[in-house]
Amino acid sequence: MKKNFLLIGGKSWSIINFRGSLIKELIKSGYDVTAVASNANDEDIKKIKDLGANYINLDLDTNLVNIYSDIKYFFNLIKIIRELKPKIILSYTMKPIVYTGLALLFSKRTVYMPLITGLGNIFNTKNFFRLPLKYILIFLCKISLKKARVIIFQNKDNLESFKNLRIAHSVEYQIIEGSGVDIDYFEKADFREKNFSFLLISRLILDKGVIEYIEAAKKIKAQFSNVEFLLAGSEDHSNNSVDLNYIQKSCDQKIIKYLGFLRDVRPIIRDSHVYVLPSYHEGMPRSILEAMSMGRPIITTLVPGCKETVINNINGFLVPKANVDALVEKMVWFINNKKYVEKMGNESRNLVEQKFSNKIINLNFIKLLKKSV
């Protein structure tokens with residue numbers, strides 16, 4: 001008899017892009033999978049059903065605090081769990097993790113496995129006015145994760161943060177590095193003959209280092225006229241968002257080319273030479289892994305999640321966060337040492353094949369499920 005498996009995430013596209021291969025493996029292993037997420041269009045729903053899963057759309061704003069919509073989401077989630085009676089629930093992103101855990105406080109039958117994909121800007125904030133939200137979130141995590149069978153982290157630093165905060169300190173912890181990347185879909189790509197280009201794929205939020213990327217681009221454009229800086233990613237409307245007027249001004253000044261949200265990022269990765277993510281914190285940055293899989297060297301920051309993807313001087317460089325000058329230095333190094341770009345890109349591809357392939361990651365998930373159920 002098949003076991004009901006409930007996969008709860010934020011946006012529907014993340015279910016497809018980040019958990020699609022895991023859904024296939026779960027179904028192969030005998031689970032009946034239902035995915036719950038928000039903002040699905042007809043195409044998204046079809047793609048999820050084509051994976052073999054059922055889908056329930058449940059509206060949720062993952063970036064803003066909206067008491068009315070959050071309460072509505074919570075009670076609808078309780079209703080879904082009661083109707084489906086899942087044997088196992090895997091949830092990810094902070095709001096689904098907390099609300100799922102609260103909904104399961106009085107359930108003894110369901111195995112709950114939250115996946116911490118990063119601690120987000122609230123956990124890391126030092127803004128005085130946002131500290132109350134931080135402490136509320138920590139308190140809710142302590143309550144909602146008490147009944148978790150195992151908490152999955154994508155890097156050791158996030159795990160240590162939870163331990164130091166004594167969040168679910170009596171629960172078993174497990175590290176699985178990322179959601180994995182499909183190395184056949186994100187196949188290695190040759191470098192195109194065009195102007196040397198850097199690429200950042202990110203939501204337009206401050207904590208992703210978007211400002212640092214653009215400010216570095218300004219400095220380099222003053223020295224090298226034939227270098228391009230590409231930026232792709234969705235707009236954001238949270239307190240952590242980058243001012244769209246700043247983005248537009250940077251485009252008007254021909255500092256960057258902003259491409260908006262792209263459902264398929266492969267063409268733009270093919271058009272780039274070096275991938276850059278100056279993030280302040282991550283779980284395990286999927287955009288870096290996709291760029292690595294396509295054979296691109298990386299410049300990223302020496303912070304949790306990011307630092308696990310780069311072997312310094314081998315497949316790229318690690319720089320301090322929020323440091324424009326350090327970013328410029330490594331960008332200029334690549335411009336002046338183009339002969340190393342392909343070599344370091346090959347090292348990126350090798351690292352993904354050895355450590356971050358979705359086949360490896362999904363196998364670790366299935367092993368953990370068998371052990372925990």
Side-chain angles (χ1 to χ4, degrees), residues 118 154-155 157 177-183 186-192 196-203 207-210 212-214 216-217 220 227-233 256 262 265-358 361:
Q154 294 189 329
N155 63 67
D157 293 89
E177 294 183 307
S179 54
V181 60
D182 187 336
I183 59 175
F186 290 95
E187 63 182 355
K188 191 171 179 295
D190 293 333
F191 291 92
R192 294 177 176 172
F196 198 86
S197 60
F198 295 92
L199 170 65
L200 166 60
I201 303 171
S202 162
R203 281 185 299 133
D207 284 15
K208 293 292 184 180
V210 175
E212 286 82 355
Y213 178 74
I214 295 174
I220 289 174
V227 177
E228 291 183 342
F229 290 85
L230 308 172
L231 173 63
I256 62 167
L262 302 174
V265 297
R266 291 173 298 168
I268 195 61
I269 295 175
R270 286 191 194 100
D271 275 344
S272 69
H273 292 84
V274 177
Y275 185 77
V276 183
L277 181 64
S279 183
Y280 293 9
H281 49 82
E282 294 286 335
M284 181 61 64
R286 177 62 177 260
S287 65
I288 288 184
L289 299 183
E290 291 171 350
M292 287 171 63
S293 185
M294 294 185 70
R296 297 302 181 259
I298 307 298
I299 302 175
T300 190
T301 42
L302 190 61
V303 300
C306 292
K307 66 184 180 182
E308 283 79 8
T309 64
V310 169
I311 302 172
N312 218 13
N313 300 309
I314 301 297
N315 73 307
F317 297 106
L318 295 169
V319 298
K321 72 175 183 181
N323 190 321
V324 173
D325 290 338
L327 201 56
V328 168
E329 180 187 338
K330 296 308 178 186
M331 287 177 170
V332 169
W333 186 92
F334 274 116
I335 294 168
N336 290 332
N337 295 275
K338 295 183 180 71
K339 63 183 179 180
Y340 291 106
V341 171
E342 185 171 0
K343 180 177 183 296
M344 296 177 87
N346 288 338
E347 294 291 347
S348 282
R349 174 70 184 191
N350 293 338
L351 187 57
V352 165
E353 289 177 349
Q354 295 165 16
K355 194 174 181 182
F356 299 114
S357 161
N358 61 356
I361 299 299

- Message: List the residues meeting salt bridge (charged side-chain N to carboxylate O under 4.0 Å, His left out) with K355, not counting sequence neighbours, and say none if there are none.
- Response: E177

- With sequence neighbours excluded, residues passing salt bridge (charged side-chain N to carboxylate O under 4.0 Å, His left out) with E353: R349

Mind checking side chain to side chain contact (heavy atoms under 4.5 Å, CB included) for [X] and listing every partner two or more places apart, or none if nothing turns up?
| X | result |
| --- | --- |
| S287 | I201, Y275, L277 |
| R192 | K194, R270, D271 |
| D190 | none |
| N358 | S21, D182, N362 |

Can you give the donor-acceptor pairs under 3.5 Å from side chains of residues 309-317 to other protein atoms, not counting sequence neighbours?
{"unit_1": "T309", "atom_1": "OG1", "unit_2": "C306", "atom_2": "O", "d": "2.7"}
{"unit_1": "N312", "atom_1": "OD1", "unit_2": "L318", "atom_2": "N", "d": "2.9"}
{"unit_1": "N315", "atom_1": "OD1", "unit_2": "I311", "atom_2": "N", "d": "2.7"}
{"unit_1": "N315", "atom_1": "ND2", "unit_2": "T309", "atom_2": "O", "d": "3.2"}
{"unit_1": "N315", "atom_1": "ND2", "unit_2": "S348", "atom_2": "OG", "d": "3.2"}

- Name all pairs fulfilling the salt bridge (Lys or Arg N to Asp or Glu O under 4.0 Å) condition that reach into residues 311-329, sequence neighbours left out, sorted by first residue then second. K219-D325

- Item | Summary of salt bridge (Lys or Arg N to Asp or Glu O under 4.0 Å) pairs that have at least one residue in residues 276-294, sequence neighbours excluded | K208-E282, R286-E290

- Item | Set of ring-ring contact (aromatic ring centres under 6.0 Å, His included) partners for F196, sequence neighbours left out | F198, H273

- Taking only residues two or more places apart in sequence, or in another chain, which ones meet Y213 in a ring-ring contact (aromatic ring centres under 6.0 Å, His included)? F229

I'd like to check [X] versus [Y] (side-chain heavy atoms, cut-off strictly below 4.5 Å). Are they in contact?
| X | Y | answer |
| --- | --- | --- |
| D157 | E308 | yes |
| I299 | F334 | yes |
| L289 | M284 | yes |

- What distance do I288 atom CD1 and T300 atom OG1 have between them, rounded to the nearest 0.5 Å? 3.5 Å

Side-chain polar contacts of residues 337-345 - donor-acceptor pairs under 3.5 angstrom, sequence neighbours left out - could you list them?
{"unit_1": "N337", "atom_1": "ND2", "unit_2": "W333", "atom_2": "O", "d": "2.8"}
{"unit_1": "K338", "atom_1": "NZ", "unit_2": "I335", "atom_2": "O", "d": "2.8"}

- What one should report as the nearest heavy-atom pair of A216 and L327 is CB-CD2, 4.0 Å

